[in-house]
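Okay, structure first, notes after.
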Amino acid sequence: MSKSPKISAAEWQVMELVWQKHPTSAGELARQLSPDQDWTEATVKTLLSRLVKKGALKFTREGKRYLYSPAVAREACVRSEAQSFADRVFGGKPSPMLSWFVEEAPLTDAEIDELQSLLLR
């Protein structure tokens with residue numbers, strides 16, 4: 001797949017779990033999401049269906065249940081989402097984006113050292 005699919009915030013939560021442990025079923029995902037979300041298994045199945053249609057997930061059938069696995073790497077989706085955000089909010093320019101985050105985010109000394117190291121490469 002040359003381009004990562006556009007994934008909604010709800011779909012991202014499902015993908016995070018599938019990236020962590022796969023293959024997995026809709027029931028397993030619903031149980032994992034239930035402490036944080038008020039989603040039924042039917043809601044999770046709807047999200048899984050959307051993700052399959054978008055090409056983000058693939059599935060295999062095991063008896064009566066479907067087991068889902070990622071069809072795209074997390075890193076590819078993160079890259080695509082980050083680029084989309086940078087394009088929309090900062091005109092695709094890294095300097096104003098980085099400046100905004102440095103000025104607005106509370107950074108520890110270790111994080112500042114890490115950023116300086118990255119910039120001096």
Side-chain angles (χ1 to χ4, degrees):
M1 173 177 276
S2 61
K3 188 176 178 186
S4 295
K6 179 81 173 131
I7 298 173
S8 73
E11 292 166 345
W12 195 271
Q13 291 179 57
V14 172
M15 287 299 298
E16 285 288 3
L17 293 175
V18 177
W19 280 318
Q20 289 172 23
K21 181 181 180 264
H22 55 85
T24 189
S25 69
E28 292 167 359
L29 290 166
R31 281 189 292 284
Q32 287 181 291
L33 289 163
S34 66
D36 299 325
Q37 301 294 335
D38 192 22
W39 294 344
T40 64
E41 189 170 333
T43 301
V44 174
K45 285 181 179 180
T46 298
L47 292 168
L48 289 167
S49 176
R50 289 179 188 166
L51 288 162
V52 168
K53 285 180 186 173
K54 291 179 178 185
L57 289 178
K58 57 187 175 184
F59 67 90
T60 56
R61 192 167 177 167
E62 184 182 87
K64 292 183 178 183
R65 69 184 190 153
Y66 291 88
L67 298 177
Y68 297 88
S69 297
V72 293
R74 184 180 188 284
E75 295 75 21
C77 290
V78 168
R79 186 178 304 108
S80 178
E81 287 293 321
Q83 188 62 56
S84 175
F85 173 76
D87 290 345
R88 275 191 334 272
V89 180
F90 297 99
K93 298 182 177 160
S95 180
M97 182 175 71
L98 184 57
S99 295
W100 187 88
F101 280 109
V102 168
E103 290 172 8
E104 296 296 323
L107 298 171
T108 66
D109 288 342
E111 290 168 329
I112 292 169
D113 290 343
E114 184 179 354
L115 285 172
Q116 287 176 332
S117 174
L118 287 169
L119 290 172
L120 295 175
R121 280 189 188 175

Identify, with sequence neighbours excluded, every residue that meets side-chain contact (heavy atoms from CB on, under 4.5 Å) alongside Gln32. Leu17, Leu29
Could you walk me through whether Leu119 and Leu98 pass side-chain contact (heavy atoms from CB on, under 4.5 Å), step by step? CA-CA 11 Å; Leu119 290 172; Leu98 184 57; 3.9 Å; yes
Starting at NZ of Lys21, measure out to OG of Ser69 and round the result to the nearest 0.5 Å. 10.5 Å
Within the distance-only criterion (no hydrogens, no angle test), does the side chain of Arg61 pair as donor or acceptor with the backbone N or O of Gly63 below 3.5 angstrom? yes
Are Met97 and Val89 joined in one hydrophobic group, where the rule is that I, L, V, M, F, W and Y side chains link up if heavy atoms are under 4.5 Å apart? yes
Heavy-atom count check: over 12 atoms from other residues, nucleotides or ligands less than 6.0 Å from Glu16 CD? yes
Over all heavy atoms of both residues, which pair between Glu28 and Pro23 is shortest? Give the atoms and the distance, please. OE1-O, 4.4 Å
Looking only at heavy atoms, what is the nearest atom pair of Pro70 and Lys58, with distance? O-CE, 3.5 Å
Path from Phe85 to Ile7 over hydrophobic side-chain contacts below 4.5 Å: no
Can you tell me how far apart CG (Leu118) and CD (Gln116) are? Round to the nearest 0.5 Å. 10.5 Å
Non-hydrogen atoms of Ile112 and Leu107 that approach each other most closely: CG1-CB, 3.8 Å
N/O donor to acceptor pairs below 3.5 angstrom from side-chain atoms of residues 44-51, sequence neighbours left out:
| unit_1 | atom_1 | unit_2 | atom_2 | d |
| --- | --- | --- | --- | --- |
| Thr46 | OG1 | Ala42 | O | 3.1 |

Any chance you could measure Cys77, atom SG, to Lys6, atom NZ, to the nearest 0.5 Å? 11.0 Å
Inter-residue atom distance Leu115.CG - Leu120.CG, 0.5 Å rounding: 10.5 Å
Determine whether Trp39 and Leu57 fall in the same hydrophobic cluster, where Ile, Leu, Val, Met, Phe, Trp and Tyr are linked whenever their side-chain heavy atoms lie under 4.5 Å apart. yes
Tightest non-hydrogen contact, residues Gly92 and Asp87, listed as CA-OD1, 3.3 Å
Nearest atoms (heavy-atom pairs only) where Ala73 meets Trp19: C-NE1, 3.9 Å
Shared hydrophobic cluster for Val78 and Phe101 (ILVMFWY, side-chain gaps under 4.5 Å): no
Identify the heavy atoms of Ser4 and Ala76 that sit nearest to each other, and give their distance. OG-O, 3.1 Å
